[in-house]
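These notes concern the structure reproduced below.
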Amino acid sequence: MNTVQKKRLLSGPIIRSAIKDSFLKLNPISLIKNPVMFVVEMGTILVLLMVLAPGYFDAEESVGFNIAVFIILLVTVLFANFAEALAEGRGKAQADTLKRTKQDITANKLVGDAIKTVASSELRKGDIVLVAQGEWIPGDGEVIEGLASVDESAITGESAPVIKEAGGDFNSVTGGTRVVSDEIKVQITSDPGESFLDRMISLVEGAKRQKTPNEIALNTLLISLTIIFLIVVVTLRPIASYLGVNLEIPVLIALLVCLIPTTIGGLLSAIGIAGMDRVTRFNVLAMSGKAVEAAGDINTMILDKTGTITFGNRMASEFVPVVKESEKELAAWAAISSLKDETPEGRSVIELVKKLGYDYETGWEVDGEFIEFRAETRMSGLDLKDGRKVRKGAVDSVKRWVQLQGGQIPGDLDKSSNEIAGKGGTPLAVAVDNRIYGLIYLKDTVKPGMKDRFDELRKMGIKTIMCTGDNPLTAATIAAEAGVDSFIAESTPENKIEVIRREQREGKMVAMTGDGTNDAPALAQADVGLAMNSGTSAAKEAANMVDLDSDPSKIIEVVAIGKQLLMTRGALTTFSIANDIAKYFAIIPAMFTLAIPEMNLLNVMGLGSPSSAIISALIFNAIIIPLLIPLAMKGVSYKPMSSVKLLRRNIFVYGFGGILVPFLGIKVIDLIVSLWI
Ligand SMILES: Nc1ncnc2c1ncn2[C@@H]1O[C@H](COP(=O)(O)OP(=O)(O)OP(=O)(O)O)[C@@H](O)[C@H]1O
Ligand SMILES: [K+]
Ligand SMILES: [Mg+2]
């Protein structure tokens, strides 16, 4: 886990800076973003004016009462500000640590054949840099030459170095990480200010935090309630005065503040910020709160196989010749087809040939036009100068290619290929023109713990579909081993998008996890796209979340946090509004008793005096905010259960709790306050 993340939830410095921020946030220009609290602040200022110039307002109420109301109102706003500042605090501390990581690194930029030392901030998209052992990688980029192990702990918190190599899905490197062995040539892919680290900093800082649709809807509700109560309270005075009752302005302001939803108004933004922070603590970077909330509603999850469910370092481990062909010849053609194939698969073929001691320097010139691997053709190879075409690739693709040239399919090819696939391996067929020589056995390993995690997803009601470019048998084996619900084999990038669209048309919310450039369009199409940090930069850019630990099942935590976020808002809104009932019973009788003492009959709560009733209701209204900060930050408890059950439980706890707690709270506060008044 990240050193940053290990930090306790609330450290001394975070609390201290949150207290300071609570006062800075009193600035009305920033507070207007929170209309409920803005109204409270305006009330506070009005009461202050009445304290300072009682004559001007013709105030009858005692100055002591007005001062008390002023202080409690001010504290109410400060409490709300404190909740938000506290929620922001951890992210800010984390951003500071990341900024230190970003200390200006120097880069060895390649200019023609010469190497020029420049500051990393001068690097632009397309520049090429050399990074040697022990040096910091100066910017985000793609390895275009070489292989190195890289320490990414500054970003992922994971101390074990990872291999980065040219070609394939492991070529992306991140600025601010360090090469621990060997040397790589890197092509920079981001301009200054747009790097992964920059995005990460602005993310944890909450600099570009946008309100989610759910938050906006709730905010609209809170504003409407505030306006309604404002109208009620403002019209109350003339009506009362018509009846011969004089209602004092501070009393009306107290009533207003008690009635408007200050509890949820004060905690709303803290809930959202803390939710995002919880996601980050699981080492997942979510680009928007909207994505996290969408995760809470996910029905279907699409997963890429290689590099997502499996580790993805598919290594050639064996050559399996078909009848009549020799292993030696198969190995030679496999090597020739891979001479310029820079993917990890391609390079591992060459390594295996060398390891087995076969010689592929055939005596004649091996050169020609390189046929790069593409997800669409599922083949790679070489068109030799003498006209012969060498290919290796997915068995069905190579078979079709050979048949097109009038070739025969060796009788034992399918049997051997099924054997490899049955073990979860990927068989690649090797052919020259119309003749198939045999198979390469690519081995891959399923990431540990997948089965239990996918079981958990099933319990949450989420269907998992693995989409892979691999053959049906390998897909079936890996699907069974990982425990996904279903799989689609031999799928192209377009197929992956099609599956997502199909589910979306049925009204489902779809998550996609992947690591390759060919997954990027699908990651963008899905409602929630979770890219593996080990993946390509195209994948990471298209996704709206990146898992720094490259664990696809991390979606479980994000789903839980998303659901929790919605539930926490709902629960605290219910609580906040239910609170009003007790406040009616405390304040309304007190208000009228102040004018007509006989009205004390209405004082069913048996509160000490009208003034102490009002003060007590206000104090309760204020302190409930800090008391609920821990719940707002941690979120209400979430256990996988049906949403109907959850709703019923929450209404019971927060609805009835919201009615009862203030009766008790206000009564207790009144007993204490009555000692003074
Ligand atoms: N370098 C290569 N040369 C030839 N064929 C390859 C090479 N790499 C992979 N293949 C073949 O192409 C198929 C598709 O590979 P690709 O990595 O694009 O799959 P994918 O769609 O990303 O799905 P997944 O990542 O789940 O395997 C592989 O299953 C394999 O048969
Ligand atoms: K209130
Ligand atoms: Mg892939």
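The first residue in the sequence is number 1, and the count goes up from there. In listed order, ligands and their atoms are each counted from 1. Being a predicted model, the structure only gives us computed values, none of them experimental.
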Exercise. Kindly give the heavy-atom pair with the smallest separation between L523 and A531, and that separation in Å.
Key: CD1-CB, 4.3 Å

Quiz item: Are D367 and K340 within salt-bridge range, i.e. N to O under 4.0 Å?
Solution: yes

Practice problem: List every atom of ligand 1 that sits less than 4.0 Å from any heavy atom of D341, numbering the atoms from 1 in the order shown and giving each element. | Solution: 1 (N), 2 (C), 3 (N)

Practice problem: Nearest heavy atom to atom 21 (O) of ligand 1 wins, so pick from C467, S348, G469. | Solution: G469

Exercise. Please name all residues satisfying side-chain hydrogen bond (donor to acceptor under 3.5 Å, both in side chains) with T300, sequence neighbours left out, ordered by chain then number.
Key: E503

Quiz item: Are Y437 and V432 close enough that some pair of their side-chain heavy atoms sits under 4.5 Å apart?
Solution: yes

Quiz item: Mind checking whether R314 has a heavy atom under 4.0 Å from ligand 1?
Solution: yes

Self-check item: Electrostatic pair K496-D304, nearest N-O below 4.0 angstrom
Solution: yes

Exercise. Specify side chain, backbone, both or neither for N471, according to which of its non-hydrogen atoms lie closer than 4.0 Å to ligand 1.
Key: neither

Quiz item: From T263, does some N, O or S atom reach closer than 3.4 Å to the K ion (ligand 2)?
Solution: no

Quiz item: For atom 4 (C) of ligand 1, which of G167, G307, S380 has the closest heavy atom?
Solution: S380

Quiz item: For ligand 1, is there an N or O atom under 3.5 Å from any N or O atom of P427?
Solution: no

Quiz item: Which of the numbered atoms in ligand 1 are below 4.0 angstrom from a heavy atom of G393?
Solution: 4 (C), 5 (N)

Quiz item: Are the charged groups of K451 and E481 less than 4.0 angstrom apart, N to O?
Solution: no

Quiz prompt | Contact check: V257 to the K ion (ligand 2), N/O/S below 3.4 Å | solution = yes

Self-check item: Contact flag N621/the K ion (ligand 2), N/O/S atoms, threshold under 3.4 Å
Solution: yes

Practice problem: Could you tell me which atoms of ligand 1, counted from 1 in the order shown, lie closer than 4.0 angstrom to a heavy atom of K496? | Solution: 20 (P), 21 (O), 22 (O), 23 (O)

Self-check item: Sub-4.0 Å heavy-atom contact, M466 with ligand 1
Solution: no

Quiz item: Given D341, which of R374, R347, K392 fulfils the salt bridge (Lys or Arg N to Asp or Glu O under 4.0 Å) condition?
Solution: K392

Self-check item: Within reach of ligand 1, part of L428 (heavy-atom separation under 4.0 Å)
Solution: side chain

Quiz item: Does a side chain donor of either T474 or N471 reach within less than 3.5 Å of an acceptor in the other side chain?
Solution: yes

Practice problem: Would you mind running through ligand 1 and noting each atom that sits below 4.0 Å from a heavy atom of D470? | Solution: 29 (O)

Practice problem: Could you tell me whether D547 and K554 have a side-chain N and a carboxylate O separated by less than 4.0 Å? | Solution: yes

Exercise. State plainly whether the residues E215 and R569 are in salt-bridge range, i.e. N to O under 4.0 Å.
Key: yes

Quiz item: Under 3.4 Å from the K ion (ligand 2), is there an N/O/S atom belonging to I260?
Solution: yes

Quiz item: Can you list the atoms of ligand 1 that are under 4.0 Å from a heavy atom of A394?
Solution: 31 (O)

Quiz item: Is K399 paired with D414 through a side-chain N to carboxylate O contact shorter than 4.0 Å?
Solution: yes

Exercise. Go through ligand 1 atom by atom and flag the ones less than 4.0 Å from a non-hydrogen atom of T468.
Key: 23 (O), 24 (P), 26 (O), 27 (O)

Quiz item: Hey, is K305 close enough to D470 for a salt bridge, meaning N to O under 4.0 Å?
Solution: yes

Practice problem: Identify, by atom number and element, the atoms of ligand 1 in contact range of D304, meaning under 4.0 Å from any of its heavy atoms. | Solution: 20 (P), 22 (O), 23 (O), 24 (P), 25 (O), 26 (O)

Exercise. With heavy atoms of N518 as the reference, note each atom of ligand 1 found under 4.0 Å away.
Key: 18 (O), 20 (P), 21 (O), 22 (O)

Quiz item: Using a heavy-atom cut-off of under 4.0 Å, does the side chain or the backbone of T474 touch ligand 1, or both, or neither?
Solution: neither

